[in-house]
Amino acid sequence: MEIDGMVANSALLRAREGGGGKGRSRKWKKMLRFPHISQCMELGNTIARDYSSLCVKQPIGRQLFCLFCQSKPELRHCNSLLDKMGEYEVQSDEDRKSFGMQIINRFLSRQSSECVQVVESYGKRCRESLEVWHGRDIFIDCTDDLHEYLSGDPFLQYLQSMYFERFLQWKMVERQPVTKHTFRQYRMLGKGGFGEVWACQVRASGKMYACKKLEKTHMKKRRGEAMALNEKQILEKLNSRFVVSLAYAYETKQSLCLVLSIMNGGDLRFHIYNIGPPGLEPARVQFYAAEVCCGLHHLHQRNIVYRDLKPENILLDDNGHIRISDLGLAVKLSEGNLVRGRVGTLGYMAPEVIGHEYYGISPDWWGLGCLVYEMTAGRSPFKRQGEQLTEKEMERRIQETEEKYRKTFSSETEDFCRSLLTKDPRQRLGCRRCGVEGVKSHPFFSTVNFRRLEAGVIEPPFKPNPRAVYCKDVQDIDEFSTVKGVILERTDDDFYTKFNTGCVAIPWQTEMIEMGCFKELNVFGPQGSRPPDLDW
Ligand code: ADP
Ligand code: MG
Ligand code: MG
């Protein structure tokens with residue numbers, strides 16, 4: 001590796017190690033300074049008074065509502081109870097019963113000092129159900145009732161409190177304009193169709209992200225604007241641990257930028273082909289397939305077809321969990337409708353896509369079949385490694401020939417792939433009436449606990465080396481060509497404005513909490529009457 005490459009890598013590694021506030025700028029408090037409460041009035045008057053959005057979904061909102069509840073004797077233990085009931089659902093089967101008992105004894109028993117009065121009546125019923133059946137839904141009614149109660153009077157009181165004023169102040173910070181100065185830039189991570197992807201770090205918090213740049217001139221020349229906006233608008237509505245999240249969208253003079261969860265562990269293509277003999281061991285195949293399955297389910301529940309499933313688009317994070325990335329081809333189906341369109345990557349396209357038929361989510365389940373096949377066999381199902389094929393021949397094989405299974409496939413894995421690689425989408429696993437449940441309950445997944453997997457509490461079978469940079473050396477990534485003769489006009493601004501929306505609420509708030517900024521800045525004055533205007 002050349003010296004520039006080594007310097008670029010070690011700068012990135014140093015930044016990645018940061019933690020405990022190390023990567024923050026010296027001026028970080030100034031960057032996140034709260035506006036005076038009088039400047040938040042307009043926001044306060046226009047923000048939708050929606051309990052679920054303000055106190056459950058938005059992480060900072062949730063924290064502040066929690067602090068509010070703790071300040072009221074009658075609400076003091078509500079949030080701990082909600083947290084514990086959530087944890088109950090993801091306990092392992094062995095631990096669940098005793099965990100449930102602890103919850104009941106602590107919060108749902110009159111004699112306990114932490115008893116939550118409003119739902120105390122659930123204690124007896126929950127205790128009985130726990131004896132006979134310690135399934136996941138024992139506390140569901142209690143949870144719903146508690147939220148119902150909190151969304152009434154307590155919520156109205158919260159809106160009058162200093163905690164909600166503080167929430168508005170955080171929201172104003174969240175809404176500050178985002179520019180290239182918001183970030184520090186490190187090495188290039190890869191190259192896409194419209195520009196480069198760089199590692200970057202938020203100066204105010206120290207959090208690392210990947211910045212996908214879409215060059216304006218390239219997009220204009222190749223009419224990629226609608227596609228870019230589509231990718232951005234789909235990403236900003238998602239919130240899944242199995243799909244990359246979008247934390248910021250902003251523009252510079254030359255490009256539009258999507259700031260995404262950074263995935264330091266490389267893509268699955270790299271892991272299948274560049275480390276040892278091609279292919280992955282069965283435990284990894286099963287784990288990645290299960291996480292991809294959850295990611296696809298998240299998209300499908302929102303009527304989104306992904307359409308680009310292939311090893312290159314599945315990325316690993318520091319711990320070895322995967323996320324689906326590159327949603328440029330994803331499309332939202334309008335209610336109950338199908339789409340048509342020959343998109344995807346040759347070799348991974350489903351027969352119905354090649355055949356120009358109307359389809360719903362079926363191409364994604366075909367894609368999962370290709371992925372599991374490729375991870376297991378170390379080659380794609382319809383092409384030997386290194387084989388040169390014409391487009392026509394590739395299409396013929398996909399539509400007409402049957403893939404071969406060698407002894408590396410266990411009988412469950414073979415059956416799983418065959419069911420997903422069924423040519424007729426109506427007969428395919430995942431597309432029949434039982435939908436995703438059919439996929440999850442296939443014997444291939446018999447040892448996977450999806451409830452725990454979805455909660456992120458399963459240890460991945462492989463952890464990437466924290467000292468390694470799992471991408472091509474900087475010099476080996478081809479230079480991005482420049483486009484000449486394209487002039488950007490005023491009419492393009494409308495589209496740029498739709499794109500340039502700054503912070504995305506949930507990921508930004510998560511960043512503030514995770515990086516410790518929330519805790520350090522969210523101090524209240526003595527007696528906690530009204531938050532003081534912090535001045536640094
Ligand atoms: P395109 O849509 O133009 O194909 P991608 O989203 O696939 O662009 O990104 C191009 C390349 O950048 C990827 O192949 C990968 O190497 C790298 N990359 C993309 N997103 C991330 C990320 N979130 N973390 C790390 N690297 C990434
Ligand atoms: Mg790509
Ligand atoms: Mg793309």
Side-chain angles (χ1 to χ4, degrees), residues 8-9 12-13 15-16 183 185-202 207-216 218-219 221-236 238 240-249 255-274 295 299 304-331 341 343-348 367 371 464 468-474 476-481 504 507 511:
N9 279 356
L12 174 64
L13 286 168
R16 266 163 47 177
F183 310 93
Q185 186 166 292
Y186 293 92
R187 66 158 279 183
M188 197 201 300
L189 298 171
K191 215 184 66 172
F194 290 115
E196 299 156 346
V197 177
W198 292 75
C200 69
Q201 185 171 38
V202 178
K207 176 137 174 139
M208 302 290 302
Y209 285 105
C211 178
K212 176 168 171 172
K213 295 187 178 168
L214 305 160
E215 285 188 36
K216 290 176 177 173
H218 274 258
M219 269 190 297
K221 182 162 178 203
R222 300 193 5 231
R223 297 174 199 281
E225 286 98 339
M227 209 174 134
L229 198 57
N230 175 59
E231 179 171 8
K232 183 250 172 188
Q233 288 175 338
I234 286 183
L235 280 170
E236 72 188 346
L238 301 175
S240 162
R241 64 171 79 252
F242 306 114
V243 181
V244 289
S245 37
L246 176 71
Y248 303 80
S255 17
L256 298 177
C257 303
L258 294 169
V259 178
L260 307 160
S261 350
I262 191 163
M263 303 298 285
N264 290 317
D267 64 38
L268 281 186
R269 190 186 162 72
F270 183 86
H271 288 275
I272 295 171
Y273 296 104
N274 295 34
L299 298 174
I304 295 164
V305 209
Y306 174 51
R307 304 200 292 186
D308 206 12
L309 197 52
K310 55 179 176 179
E312 273 163 85
N313 282 343
I314 307 301
L315 310 181
L316 267 69
D317 71 10
D318 291 329
N319 296 311
H321 289 286
I322 61 91
R323 285 182 193 254
I324 294 174
S325 90
D326 196 355
L327 277 83
L329 297 182
V331 61
V343 305
T345 307
L346 191 69
Y348 299 95
L371 183 71
V469 176
Y470 288 91
C471 51
K472 280 187 186 169
D473 292 341
V474 178
D476 300 343
I477 303 177
D478 305 327
E479 187 95 9
F480 209 79
S481 57
V504 182
E511 172 187 329

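On a predicted model such as this, the values are computed, not experimentally measured, just so you know. Counting starts at 1 for both ligands and their atoms, following the listed order. For the numbers below, each heavy atom of this structure counts, side chains included, while hydrogens, waters and symmetry mates do not.
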Please enumerate all residues that pass ring-ring contact (aromatic ring centres under 6.0 Å, His included) together with His271, with sequence neighbours excluded. Phe462, Tyr470
Inter-residue atom distance Leu371.CG - Leu268.CG, 0.5 Å rounding: 6.0 Å
Asn230 side chain to Ala330 main-chain N or O, any donor-acceptor pair under 3.5 Å? yes
Looking at Asn319 and His321, would you say the former's side chain and the latter's main chain have a donor-acceptor pair under 3.5 Å? no
Excluding waters, which protein N, O or S atoms are within less than 2.8 Å of the Mg ion (ligand 2)? Asp326 OD2
Could you measure the distance from the OG atom of Ser261 to the CE atom of Met208? Nearest 0.5 Å is fine. 13.0 Å
For Tyr209, all residues meeting ring-ring contact (aromatic ring centres under 6.0 Å, His included), sequence neighbours excluded: Tyr248
So which of Glu312, Lys310, Glu231 actually passes side chain to side chain contact (heavy atoms under 4.5 Å, CB included) with Asp326? Glu231
N/O pairs closer than 3.5 Å, ligand 1 and protein:
{"unit_1": "ligand 1", "atom_1": "2 (O)", "unit_2": "Lys212", "atom_2": "NZ", "d": "2.9"}
{"unit_1": "ligand 1", "atom_1": "2 (O)", "unit_2": "Asp326", "atom_2": "OD1", "d": "2.8"}
{"unit_1": "ligand 1", "atom_1": "2 (O)", "unit_2": "Asp326", "atom_2": "OD2", "d": "3.1"}
{"unit_1": "ligand 1", "atom_1": "3 (O)", "unit_2": "Gly193", "atom_2": "N", "d": "2.5"}
{"unit_1": "ligand 1", "atom_1": "4 (O)", "unit_2": "Asp326", "atom_2": "OD2", "d": "3.1"}
{"unit_1": "ligand 1", "atom_1": "6 (O)", "unit_2": "Lys212", "atom_2": "NZ", "d": "2.7"}
{"unit_1": "ligand 1", "atom_1": "7 (O)", "unit_2": "Asp326", "atom_2": "OD2", "d": "2.9"}
{"unit_1": "ligand 1", "atom_1": "8 (O)", "unit_2": "Lys212", "atom_2": "NZ", "d": "3.3"}
{"unit_1": "ligand 1", "atom_1": "23 (N)", "unit_2": "Ser261", "atom_2": "O", "d": "2.8"}
{"unit_1": "ligand 1", "atom_1": "24 (N)", "unit_2": "Met263", "atom_2": "N", "d": "3.0"}

Main-chain N/O of Cys257 paired to Ser255 side chain as donor or acceptor, under 3.5 Å: no
Check Glu196 with Lys212, please: is the shortest side-chain N to carboxylate O separation under 4.0 Å? no
